Each structure stands twice: as structure tokens, then as C-alpha cells.
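Proteins come first, then strands; the chains are lettered A, B, ... in the order of their sequence lines, and each starts at number 1. The shown structure was predicted, so the numbers you read here are calculated from the model rather than taken from an experiment.
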2 protein chains.
Amino acid sequence: MASIKDVAAEAGVSVATVSRALNGHPSVSATARTRVLAAVETLGYRPNAVARSLRTDQTRTLGLVISDVMNPYFTELARSVEEEARALGYSVIIGNADERPDLQDHHVTTLLDRRIDGLLVSPTDGGSPRMLDAARAGTPMVFVDRWIPGVDVPVVRSDGRGAVRDLVAHLHGLGHRRLAIIAGPAATTTGRERVDAFREALAAYGLPLPDAYIGQGDFQAGSGRRVTEGFLDLPEPPEVVFAADNLMALGALDALRARGLRVPEDIALAAFDDIPWFVHTDPPVTAIAQPTRDLGRAAVRALVERIAGRTGESVTLPARLVVRRSCGEPPSAPHPPSPSPVRRSTP
Amino acid sequence: MASIKDVAAEAGVSVATVSRALNGHPSVSATARTRVLAAVETLGYRPNAVARSLRTDQTRTLGLVISDVMNPYFTELARSVEEEARALGYSVIIGNADERPDLQDHHVTTLLDRRIDGLLVSPTDGGSPRMLDAARAGTPMVFVDRWIPGVDVPVVRSDGRGAVRDLVAHLHGLGHRRLAIIAGPAATTTGRERVDAFREALAAYGLPLPDAYIGQGDFQAGSGRRVTEGFLDLPEPPEVVFAADNLMALGALDALRARGLRVPEDIALAAFDDIPWFVHTDPPVTAIAQPTRDLGRAAVRALVERIAGRTGESVTLPARLVVRRSCGEPPSAPHPPSPSPVRRSTP
DNA sequence: ATCCTTCGTGTAATCGATTCCACGAGGAGG
DNA sequence: CCTCCTCGTGGAATCGATTACACGAAGGAT
């Protein structure tokens, strides 16, 4: 593969001139520039990004460590991150942690070794030493979706509180009183927050959230199935199951079907994270939709700000409720979110 | 960030010794080795992969240019590719072409500039000059899923012919005679092959595949919707719609629902590419499942063979039919694929 | 005692770019 | 006519690793 030296020889100039011509440096004569361009053309020369990175100490690459690519929510997030990054002249390397801290750590290490310019993380756990060190050492970094409390890194995420309140209002209006949740891992912020938001929203109606109605899941379909079976085996099973992500909702649907239960007649189902498939499941699933594209975009922008040495602010975007049929009576019209209940602060 | 020089200074040895100690070179004394290791520890040193790549001329990175990440089939493929690559000590950089030739070309160029060791491509079109040049120039390369005829590159893919025959047998047994297909882009091999396989299978039953029953899609949900609407507007609409991928099947389902049609009572639906969600759609969708994980694995292995300078053989794995309810009468049992019709060569 | 290996180590070249510094030519100003 | 800038250019250092080559010490064989 042709190097800059070959181009210099072909054009009859020095490598310095070639470099300058190719990088739009002002002080290159028109003749030199055209000869360089011609040489580049005939040799099919492409600059070696590795060598350039070594010299300039920047790779124009962003790392994205994601909890689980197979989750459509994260797939879409990854896609929007790549899109925005490309628009800004960056490439992105995606690392899939599969909800495993060891894999997450592996990817963080690999990305850091490659000297990426910045790191976007949706942490699976409290954060490995390697990640925490990198954050402290000043590696430009932004958390997306999930974050680690107590670490000085901007967070780009969506706030589901309002939407969860709307959901509970919807559920309550439909007459449901015994509501259960399949929670995400307690090590993740989203795992905890969604349970808290649910509990608060229930409290506004004087409804309890007994421990038996909090199932411990891990954001994977299998756990949704297991937890749902546990709920059904209770002396008094819930009337509604709210899954804290779409994969666990899929698992719940599996379990319900296996028991021959009808949704929503026998039991209602709702999910956090909306995906195109929820329109076509039997029945269509009521879900809380995050502004995924906007999250990805905002995260990249914040990270690039950080890389440029500026602040890079945290961003919180609201999620919204999408009512379908899995909780009861079909929505009368393409209606706005049901009127919120009386809002009062946590008791 | 600490460099090898800092480590050498800290350990009181030369950089050569540090490098040797870290790379397991035999002729390093035990004392030198322990001092180096200690220095690495106290400095938190990590070798700079960029510098190493420049010197050794290998990045231990694979490029994967995929047609569309949002398609669950490709997401799974990407995942298995990354898994196998990691097991073999490689990282992978994924480029999402979104079925757009220009984006595909962008990613191929970027990856080549980064001097990846090998390239895995599922081409969106006939191949840009850049890609064809790279192939000719000897860049280790392997096609996955789709390929470009006439280019000397191994292909790892799955053969759907048998499964399509099984599908048509199933459909014929159910009494369906007017079968239509939503095809993929003619520029892709999978786009063409699936139509051919379908036509051949129909021919075995003496059934025609009129042009009106071949809708031109682009592997995206929107086109599935449009083509299906076209089918329904025909004077004699088909009894079965077979979508050549899962996204177009989703679009077809949209269109069917919008018209208030029941599946399979009013019209039957089948899809190429199986995904977990098909179990839970209304009704569950009969689909042709590819051995996606195995494809990803085989592709990486073939590519690594090529990188090592060995041949790297093409691999073709069979797909299989998964019968659900979208074509009529629920399967009686978890039964094996229905007995094949008389096999005869194309008329 | 001398010579030849073997072993451990260091010096320096190298990969392909970018960029500081120096230098010569040519034009403007005195 | 001389001096001083400006402009375009080239030489060479540099980024952080790997590795060919040289070299001195130690040990074995004769």
C-alpha cells in the first residue's frame, strides 16, 4: 500500500509538502498542490490513519459500551450514536457487554488501549476500577441511559417518572389495583429508578407495592419468564405485570402464554421501552417510549464537547406513555396521555 | 498516559527489555522481568495499540460492514461475529450501511484507512470500486449472507432452497394456490435467490408466479407495507404473502391490519428470517430460520484463515422452516418439516 | 589458558504520518 | 542598491512501540 513517501517521490516534492497539500495548509503553491493530487490519484494513495493517530494523538474515534445490543432499544441507541458521530467526523467502535461486568471491562480496556478520543458508556454495574480510573484520569466520558452515582461524568438519559405516573393513572382508571413489577438489576440506575417511580406513582393512589410484587430480573427475556411464573404462583397473583424493559416483557408474554392466560382479560401487561414489534404482538403492548434517537444525538454532542475541552452538560429528556391494548379496553382514539392524577410529592 | 519509556526508566532497563518482557520473549532474565512488571503496575501502564499497530502492521481488528443493524437478523449476526472474533483475539468495528450503497462505501473506506486486518461484508449492492479494488489488492475479505458474483472472495451464507420448498409444501397442503412474494432488492444476491427459490418450489406443484405477484421491496418495513397494499388492490389478490425478510413482514402485517384483514383466515403470511418476536405476533409468524450464530462464527473463522494467508473456504449452511400459525391451521405437534414434494429439476 | 557458545541487554532503525525550524527566492520599502 | 518580509519548500524530529544487530559476561570444551 502506497505511503506518503511514494506520493512525494511520484510528485517530485517532499513528504512535508504532500502532507500540507492534503491537509489544506495555506502555504502550498498551486502547482505543488496539483502535482500532489495527481500523484495521489495515480497511486490510489490513502493516508494511514494509524500513523496519523500516533502523531496527532487523536483517533477521531468514539467508544460506545452498551449493555446489550440484542435489545432493540440499545440497537437503536447505537445507531443514532453512530449517525451523529459520523456527522461530526467521528467513527464509533461498539462494545457489547451483554449485561456482564467482565465483558464491559474487557471492552473498556480494549477501547482505551486503542486510544479512542472519548467513551460513551451505559454501565452494567457500579463500574470497574479501570473505568473509574479512566474517568478520574480525565478521559472524556459520558454516561448514556444508565449512570454511576458519585462519578463526575455527564449523564444523558430519559426521565420516566412522568410516563410511569401516566401509566399508573391509566391502569388505575381501568380498575386495576394489584400491580407488580419485574425490576432490572439493582446494580443499574434504571433498574432502581423504574421501581422507585412505580412505587411513588402507586402511592399517589394509596396503592402499596408489596415485596412479593417486586420480581428481580436482569433485563433479559429469561428472567421475565421466571419472575412472571413466580407472580402467577402467588396465592394472590397481580392483575398487572409491568416489565422494566422490553426483553423481560417478551419473557413475561412467553410465561403468560404457556399458562394459557389471556392478555388483558386474565392479566394485564405493560413495558418500559417501546419497540416497533409491540404494535404487532398479541395483544399490542402498552409501553413507555424513550426518545432514543435524541438521546443518542445528545450523548454524542456532550461527549464531543468534552473532547474539545468544554463542559459537556448532562441532559434529561422525558419519556412518554404509549397506550395500546395489553392493559384493557382499547384506547378510544389516538388520544393524548390520560390526565395525570393529583401530583403530590413522595409521602 | 505512561509510555514504554516511562516504564523503562522506572524499572531501570531499556525500552527493548520492557518490550521483550511484556511480549513473553524468552531471553529476559527473571529479575528484569519482575522489575518491569512492578514498574508497569505502579505506573498503570498499558501499551499503546496505535503505536504497536504502526510498527507491526497489524491492528488485530476486523471490519464488519452490515446491510442494516436495525434488522434483528443482522444484529444477531453482528453479535456472533464479535463473539467469535473476541475468542480469537480480535476486535471488530461495525459499519452500518442502512441498505445505502454510499454509506457502505463510506464505511469500507474508513475501515480500510484504519488498516483493519480483514473485512467482512454483507454487500448492499454490486460493490463500490473501492471495495472491488480492495478485494483485488488482496485485502483479506469474506462475504457474509450476501455476496457479489464474479469476485474471488469466500462466501459464508445459508441456503434457503430446501426450506423454501418445505414452506411451499406446507402452503400447498393448506390449500393455498395464489402465492405472492415481497422480494428484496435485485442488486442483492439474497434478494434474487429467494425469488428464484420460491418460483422453483412453486413450479414443482405446477403453480405459476405471475409478475403481479412479485412485489419489489428493499428489505425495509415501509416497502413491505407498500407492496402488500399493491397486492391487496389487485383484481385477484394473493392468498399468501411471503416476505423475503422479517422487516418487510412487519410492514406487511401493518398493511393487513390497516385493511382490517385477519391472518390467516383472510390472507396468510410467511417470512424469511426468524426472530424471537415472531412467536408473539398476532398470529405467530411462520418463518424460515437461518443458523445465524453459526454463520457469524464460520465467517470469522474463514476470514482469520485468509489473514493467516491460508485459503479460507466458502461455507453454506441450510436454513429450516419453522411452522407457526400465520398460514393456517396450527401445527398439530412440535412436528418435523412436512414431507417434501416430488423433487425435480427446474423445467 | 584460550576459544567458542549462549545469554541478557542496550542502541538504534523503523513504521507513516505531522510539524517545527531553517533556508532561499522574490517583492516591497527605504 | 540594500534590507526586510513573506512565501513556499525541505530536512529532520517526533509520536510509542518492535526488533535487527552488536556487545560484554559467563560458562563449557579443548
Side-chain angles (χ1 to χ4, degrees), chain A residues 1-40 43-61 89 91 109-117, chain B residues 1-40 43-61 89 91 109-117:
Chain A
M1 192 154 258
S3 85
I4 196 172
K5 272 187 202 157
D6 303 315
V7 177
E10 173 79 18
V13 296
S14 73
V15 293
T17 299
V18 174
S19 176
R20 281 189 279 250
L22 262 22
N23 291 302
H25 194 283
S27 72
V28 176
S29 68
T31 50
R33 192 183 311 276
T34 52
R35 297 181 59 183
V36 167
L37 262 24
V40 164
L43 265 48
Y45 168 75
R46 293 251 77 211
N48 183 328
V50 174
R52 184 199 300 251
S53 293
L54 177 60
R55 183 59 233 253
T56 61
D57 200 34
Q58 53 160 331
T59 49
R60 297 214 64 91
T61 301
S91 296
T109 305
T110 314
L111 291 168
L112 256 21
D113 285 355
R114 277 160 196 273
R115 301 302 194 263
I116 46 148
D117 293 342
Chain B
M1 192 152 257
S3 84
I4 196 171
K5 273 188 201 157
D6 303 315
V7 176
E10 173 79 17
V13 296
S14 73
V15 294
T17 301
V18 174
S19 176
R20 282 189 277 249
L22 262 23
N23 290 302
H25 195 282
S27 72
V28 177
S29 68
T31 51
R33 192 183 311 275
T34 54
R35 297 181 59 180
V36 167
L37 262 23
V40 165
L43 265 46
Y45 168 77
R46 296 248 76 210
N48 184 327
V50 174
R52 183 199 301 249
S53 293
L54 178 59
R55 183 59 233 252
T56 60
D57 199 34
Q58 54 161 331
T59 50
R60 296 215 64 92
T61 301
S91 296
T109 305
T110 314
L111 291 168
L112 256 20
D113 285 355
R114 280 162 193 271
R115 301 302 195 263
I116 46 149
D117 293 342

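For B:Asp57, the CG atom sits in a loose shell: 12 or fewer heavy atoms of surrounding residues, nucleotides or ligands are nearer than 6.0 Å.
Atom OG1 of B:Thr61 sits about 8.5 Å away from atom CD1 of B:Ile116, to the nearest 0.5 Å.
Here B:Thr17 reaches the OP1 or OP2 of C:dG10: one of its side-chain N or O atoms lies under 4.0 Å away. Contact annotation: A:Ser27 does not reach the phosphate of D:dC7 (side-chain N/O to OP1 or OP2, under 4.0 Å). Contact between the side-chain N/O atoms of A:Asn23 and the OP1/OP2 oxygens of C:dT18 is found at a separation under 4.0 Å. Distances shown here put a side-chain N or O of B:Ser29 below 4.0 Å from the OP1 or OP2 atom of C:dT9. An OP1 or OP2 oxygen of D:dT14 is reached within less than 4.0 angstrom by no side-chain nitrogen or oxygen of A:Arg55.
When each of D:dA17, C:dA17, D:dC15 is scored by its nearest atom to the side-chain atoms of B:Tyr45, the top-ranked nucleotide is D:dA17. Nearest nucleotide to the B:Ile4 side chain, out of C:dG10, D:dT18, C:dT18: D:dT18. Each of C:dC15, D:dT19, C:dT19 was ranked by its minimum atom distance to the side chain of A:Ala16; first place goes to C:dT19.
With DNA chain C read from its 5' end, the first of the two nearest nucleotides for B:Thr31 and B:Val15 is the one closest to B:Thr31. Toward the 5′ end of DNA chain C lies the nearest nucleotide of B:Ala51, the other residue of the pair B:Ala51 and A:Ser19 mapping further downstream.
Among the atoms of the strands shown, only primed sugar atoms or phosphate atoms (P, OP1, OP2) are found under 4.0 Å from some heavy atom of B:Ala32. As judged by a 4.0 angstrom heavy-atom cut-off over every strand, A:Val13 is placed among residues touching the sugar-phosphate backbone only. Residue B:Val28 is in sugar-phosphate contact alone, with no base atom involved, counting any heavy-atom pair closer than 4.0 Å across all strands shown.
Per the geometry, CG belonging to A:Asn48 stands 13 Å off C1' belonging to D:dC15, to the nearest Å. Here the C1' atom of nucleotide C:dT14 and the CG atom of A:Leu54 are 12 Å apart, to the nearest Å. The nearest whole Å value for the distance from the CG atom in A:Asp113 to the C1' atom in D:dA17 is 13 Å. Computed from coordinates, the B:Arg114 CZ to C:dA17 C1' distance equals 15 Å when rounded to whole Å. Per the geometry, CZ belonging to A:Arg115 stands 21 Å off P belonging to C:dA17, to the nearest Å. The separation between B:His25 atom NE2 and D:dA20 atom C1' is 11 Å, rounded to whole Å. One can place CD of A:Gln58 at 13 Å from C1' of C:dA17, the figure rounded to the nearest angstrom. When the C1' atom of C:dA17 is taken as reference, atom CE of A:Met1 falls 15 Å away, rounded to whole Å.
Between B:Thr59 and A:Val50 the shortest side-chain heavy-atom distance falls below 4.5 Å. The side-chain heavy atoms of A:Asp6 and A:Met1, taken from C-beta on, include no pair separated by under 4.5 Å.
Checked by atom type and distance alone, the side chain of B:Arg20 never pairs as donor or acceptor with a backbone atom of B:Val28 at under 3.5 Å.
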Derivation of the side-chain hydrogen bond (donor to acceptor under 3.5 Å, both in side chains) call for A:Arg114 and A:Ser53: CA-CA 10 Å; A:Arg114 277 160 196 273; A:Ser53 293; over 6 Å; no
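For a distance-only test at 3.5 Å, the side chain of B:Arg20 qualifies as a donor-acceptor partner of the base of C:dG10.
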